[in-house]
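The sequence lines fix the lettering, A, B, ..., with proteins before strands; numbering per chain opens at 1.
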2 protein chains.
Amino acid sequence: MTDRRSGLLEAADRVVQREGPDASMNLIAAEAGITKPILYRHFGDKGGLYRALAARHIDELLGRLRSALVTRGGLAARTRATVDAYLAAIESQPQVYRFLMHRAAVEDPGVRGDVDSFVRRFGDELAAGIRSEPALGNIDPLRATVWAHGIAGLVQATGDWWLDHPEVPREAVVAELSELLIAGFNLS
Amino acid sequence: MTDRRSGLLEAADRVVQREGPDASMNLIAAEAGITKPILYRHFGDKGGLYRALAARHIDELLGRLRSALVTRGGLAARTRATVDAYLAAIESQPQVYRFLMHRAAVEDPGVRGDVDSFVRRFGDELAAGIRSEPALGNIDPLRATVWAHGIAGLVQATGDWWLDHPEVPREAVVAELSELLIAGFNLS
DNA sequence: CCCATGATGTTACCGTCGGTAACATATTGT
DNA sequence: ACAATATGTTACCGACGGTAACATCATGGG
């Protein structure tokens, strides 16, 4: 652990992975070997901790998605890579994903603009990707935006469903979604 | 108010719409002119109240979607009608929609199978619609399921985005999404 | 050398929330 | 008339988020 804050965040991470939604400030503090007030000194309030926690995962996940978005081999390959990157990420850390998606964003009613809803940021990222997609030419900006946020939700919702149906192999889910999207893109 | 339960639910509804996420059992009880234990006698726990609350709205919304799913005029018309029905519904009652989507399902960690997350049930409904869609023939059941939950999320996420961009006309959003989906369906 | 400063740590407490126990009062069907 | 059922209350519990008050320890400038 480099600095203090990082150490605390790693402890919080461990608790969230182990306890799921039952993570409390007391538990997190205990995991870090300290008590509550120190946590509050570092993160202000629970929302602050959650935002800090969310920020690192979101940044990492968005990084992977950004890489996938520039995969070489054409639109179809890029589509598959991006969908797969998303599902692989939530497969590797389902608890963290659940936390980010279904807890953190809701838990903190105040500062919505700080760490915005994750799908939203994924959508923005996607919109940029779609607008600069060579195979789609000069796509209408509104269309790009609407599609992007829609597709972000599509992948996310499928991910949610898939979390409860682990018997379905990831490749199958990726294939079905990608085929739908690729065929859809072809309308242009 | 017909029976007791309905009266309590209407009070709860008022509080949820007025107070948003700050609705507490005490507040709801006060709004109904009673105290907490009566609420608990009727709904068991907070999750029970939320489920009951969600159920009425979900049933109404799903009813509209079901109607849209059997619109006459071919797959394209059905797709447009369904997307439009969803967006029209969330346009007419955004607070209720937010409650259903982002609060009710998350709030109750236990009984997930009772009143499932709304997108989830929309997804199930859609899956049935897709499987029995004449234009899609004998579609692979897994594909139908994956598509359905994905499309449910697609419409939902776009709806979320659209709530913050009311300057975009509904018809435009519906058109963009529908075109993507219809083209996607054509791969079969 | 001393001591001010800032970070680290603790215990003990507060208000609120979800939830329950215990008890009292109508209403109603047989 | 009476048992059962629904309605209502007050008072409490444990857990949680959050804070106040106080103690400890390193460090670096006069």
Tell me: CG of A/D22 to P of C/dG18, nearest whole Å?
16 Å

Listed nucleotide nearest any side-chain atom of B/T35, set C/dG19, D/dT9, C/dT10
D/dT9

Using the side-chain contact (heavy atoms from CB on, under 4.5 Å) rule, take B/R170 and B/W162 through it: C-alpha gap first, then chi angles, then the decisive distance, then the call.
CA-CA 8 Å; B/R170 193 172 89 218; B/W162 179 53; 3.6 Å; yes

Looking at every strand, decide which applies to B/S24 at a 4.0 Å heavy-atom threshold: base, sugar-phosphate, or nothing.
sugar-phosphate

Using whole Å, report how far CD1 of B/I38 lies from P of C/dA24.
17 Å

Please state whether the base of D/dG8 and the side chain of B/R41 form at least one donor-acceptor pair under 3.5 Å?
yes

Apply side-chain contact (heavy atoms from CB on, under 4.5 Å) to residues A/L49 and A/Y40 and explain how you reach the verdict.
CA-CA 8 Å; A/L49 209 188; A/Y40 280 91; over 6 Å; no

Side-chain N or O of A/R4 less than 4.0 angstrom from OP1 or OP2 on C/dG9?
yes

Expressed in angstrom and rounded to an integer, what is the separation of A/M25 atom CE from D/dG17 atom C1'?
8 Å

Measure from the side-chain heavy atoms of A/P37 and tell me the nearest of C/dG18, D/dG18, C/dT10.
C/dT10

Check whether the side chains of B/R56 and B/S6 place a donor and an acceptor atom closer than 3.5 Å, and report yes or no.
no

Identify whether any heavy atom of B/I34 sits under 4.0 Å from a base atom; if not, whether one sits that close to sugar-phosphate; answer base, sugar-phosphate or nothing.
sugar-phosphate

Starting from P on C/dC13, measure out to OH on A/Y40 and report it in whole angstrom.
19 Å

Euclidean distance, atom CG of residue A/N26 to atom P of C/dA12 [Å, nearest integer]:
14 Å

Rounded off to whole Å, could you give me the CG-to-P distance for the B/D3 and D/dT7 pair?
10 Å

For B/H165, all residues meeting ring pair (Phe, Tyr, Trp, His ring centres under 6.0 Å), sequence neighbours excluded
B/W161

Please report the distance, rounded to the nearest Å, between CG in B/L39 and C1' in D/dT10.
17 Å

Here the distance between atom C1' of D/dG18 and atom CG of A/L49, to the nearest Å, is 13 Å

Go through the steps to decide whether B/R18 and B/D13 satisfy the test salt bridge (Lys or Arg N to Asp or Glu O under 4.0 Å), and finish with yes or no.
CA-CA 9 Å; B/R18 184 184 343 124; B/D13 229 335; over 6 Å; no

Between the base of C/dG19 and the side chain of B/K36, is there a donor-acceptor distance below 3.5 Å?
yes

OP1 or OP2 of C/dA7 less than 4.0 angstrom from a side-chain nitrogen or oxygen of A/H42, does that happen here?
no

